[in-house]
S.K.: 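Supplied in structure tokens, the structure appears directly below.
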Amino acid sequence: TLAEAVEDVQDGATGATVVLLKDTDEDIVLPAGVTLNKNGFTADNVKTTFEVSTKAELDEAIATKAGDVIKLTADLEYSGSRINIDKAIILDLNGKTITTNGSYGVIKADGGCSIKNGKIVYTGTNAVIKVWNADKIEDIDIEVTNTSGATIGGIVIQEGSAVRVNSIKNVTIKGDGLTNGIQTYNC
């Protein structure tokens, strides 16, 4: 229950997942440093998990605070624009697939974010994941169909002095017209 989750925070639990119960009539007292808002709890060392199943829900969840987890609960069609992550959140594909097309790739990974545990299917003319500043990219299958004949990569590490990715592991990149699996751009 919500009251039990608050007790866990009061007891000093860190890194716990806290799920906000909607439409509850429980009266609770929040511990110092914990704020309840429309997205859940905010507190030091407490991560909120947002479960999403639509493009609109994913876009809204990406606006959360650093440290939160966004977890797909269904395969997702995400076309027309790219997913811009600019903070240290975790995008957990949860074994699901994001299918997309477009001219500027699927995901811009920045702000120390992590992407894990699923599949990305992309038809387009650019890289699937463009990295400026990421923590981890792990357990991802990337499938690409190149529609331009130009150079296209699975993961592109961009140029700049702050560009980094701490870990890329267990990533499979394959497809029609794929010219680079993992590449650097002007580095």
Side-chain angles (χ1 to χ4, degrees), residues 1-2 4-6 8-9 15-26 35-43 45-124 126-132 134-145 147 154-155 165 167-175:
T1 70
L2 187 58
E4 290 169 337
V6 172
D8 286 345
V9 174
T17 299
V18 178
V19 177
L20 176 63
L21 302 175
K22 295 180 181 179
D23 301 323
T24 182
D25 57 3
E26 284 184 69
T35 305
L36 186 62
N37 58 42
K38 72 173 192 161
N39 294 322
F41 287 101
T42 57
N45 300 317
V46 176
K47 290 183 170 91
T48 302
T49 297
F50 297 90
E51 295 186 343
V52 300
S53 62
T54 67
K55 180 180 179 182
E57 289 173 347
L58 178 59
D59 289 341
E60 182 179 340
I62 287 173
T64 65
K65 68 178 176 56
D68 286 341
V69 177
I70 300 170
K71 184 182 204 179
L72 291 186
T73 59
D75 292 341
L76 183 65
E77 178 73 33
Y78 196 101
S79 294
S81 61
R82 74 174 173 194
I83 300 167
N84 289 304
I85 304 173
D86 63 356
K87 61 183 75 72
I89 60 174
I90 299 168
L91 177 57
D92 181 356
L93 302 180
N94 191 32
K96 308 299 182 212
T97 300
I98 294 178
T99 303
T100 189
N101 57 44
S103 61
Y104 200 66
V106 180
I107 298 173
K108 176 185 177 186
D110 201 356
C113 66
S114 294
I115 305 163
K116 67 178 191 172
N117 189 25
K119 184 176 184 179
I120 301 170
V121 177
Y122 173 63
T123 301
N126 215 299
V128 178
I129 300 174
K130 289 190 167 196
V131 176
W132 275 265
D135 186 29
K136 298 175 185 172
I137 300 172
E138 348 184 283
D139 303 316
I140 299 287
D141 291 327
I142 297 173
E143 290 184 16
V144 174
T145 300
T147 60
I155 299 173
V165 60
S167 171
I168 299 174
K169 67 179 185 179
N170 299 325
V171 174
T172 303
I173 304 169
K174 62 184 177 181

S.K.: Identify all side-chain donor-acceptor contacts of residues 88-99 below 3.5 Å with residues at least two apart in sequence or on another chain.
M.R.:
from	atom 1	to	atom 2	distance (Å)
Asp92	OD1	Asn94	N	2.8
Asp92	OD1	Asn117	ND2	3.4
Asn94	ND2	Leu72	O	2.9

S.K.: Restricting to side-chain hydrogen bond (donor to acceptor under 3.5 Å, both in side chains), what partner residues turn up for Lys119, sequence neighbours left out?
M.R.: Glu143
S.K.: Could you measure the distance from the CD1 atom of Ile155 to the CD1 atom of Ile115? Nearest 0.5 Å is fine.
M.R.: 8.0 Å
S.K.: Atom CG of Asp110 and atom NZ of Lys87: how far apart are they, to the nearest 0.5 Å?
M.R.: 10.5 Å
S.K.: Which heavy atom of Ile85 sits nearest a heavy atom of Cys113, and at what distance?
M.R.: CG2-CB, 3.4 Å
S.K.: To check you understand the geometry: which heavy-atom pair defines the closest contact between Asp68 and Phe50, and what is its length?
M.R.: OD2-CE1, 3.4 Å
S.K.: If the condition is side-chain hydrogen bond (donor to acceptor under 3.5 Å, both in side chains), which residues does Glu51 pass it with, not counting sequence neighbours?
M.R.: none
S.K.: For Lys116, which residues count as a side-chain hydrogen bond (donor to acceptor under 3.5 Å, both in side chains) partner, sequence neighbours excluded?
M.R.: none
S.K.: Going from CG on Asn170 to CD1 on Ile137, what distance comes out if it is rounded to the nearest 0.5 angstrom?
M.R.: 12.5 Å
S.K.: Sequence neighbours left out, what passes side-chain hydrogen bond (donor to acceptor under 3.5 Å, both in side chains) with Ser53? Give chain and number order.
M.R.: Glu57
S.K.: Would you please name every residue forming a side-chain contact (heavy atoms from CB on, under 4.5 Å) with Lys55, sequence neighbours left out?
M.R.: Asp59, Tyr78, Ser81
S.K.: Starting at CD1 of Ile120, measure out to CD1 of Ile129 and round the result to the nearest 0.5 Å.
M.R.: 4.0 Å
S.K.: If you compare all heavy atoms of Arg82 against all heavy atoms of Asn84, which two are closest, and at what distance to 0.1 Å?
M.R.: NE-OD1, 2.7 Å
S.K.: Which heavy atom of Gly154 sits nearest to which heavy atom of Ile142, and what is that distance?
M.R.: O-CD1, 4.0 Å
S.K.: I need the Leu76 CG to Leu58 CG distance, nearest 0.5 Å.
M.R.: 6.0 Å
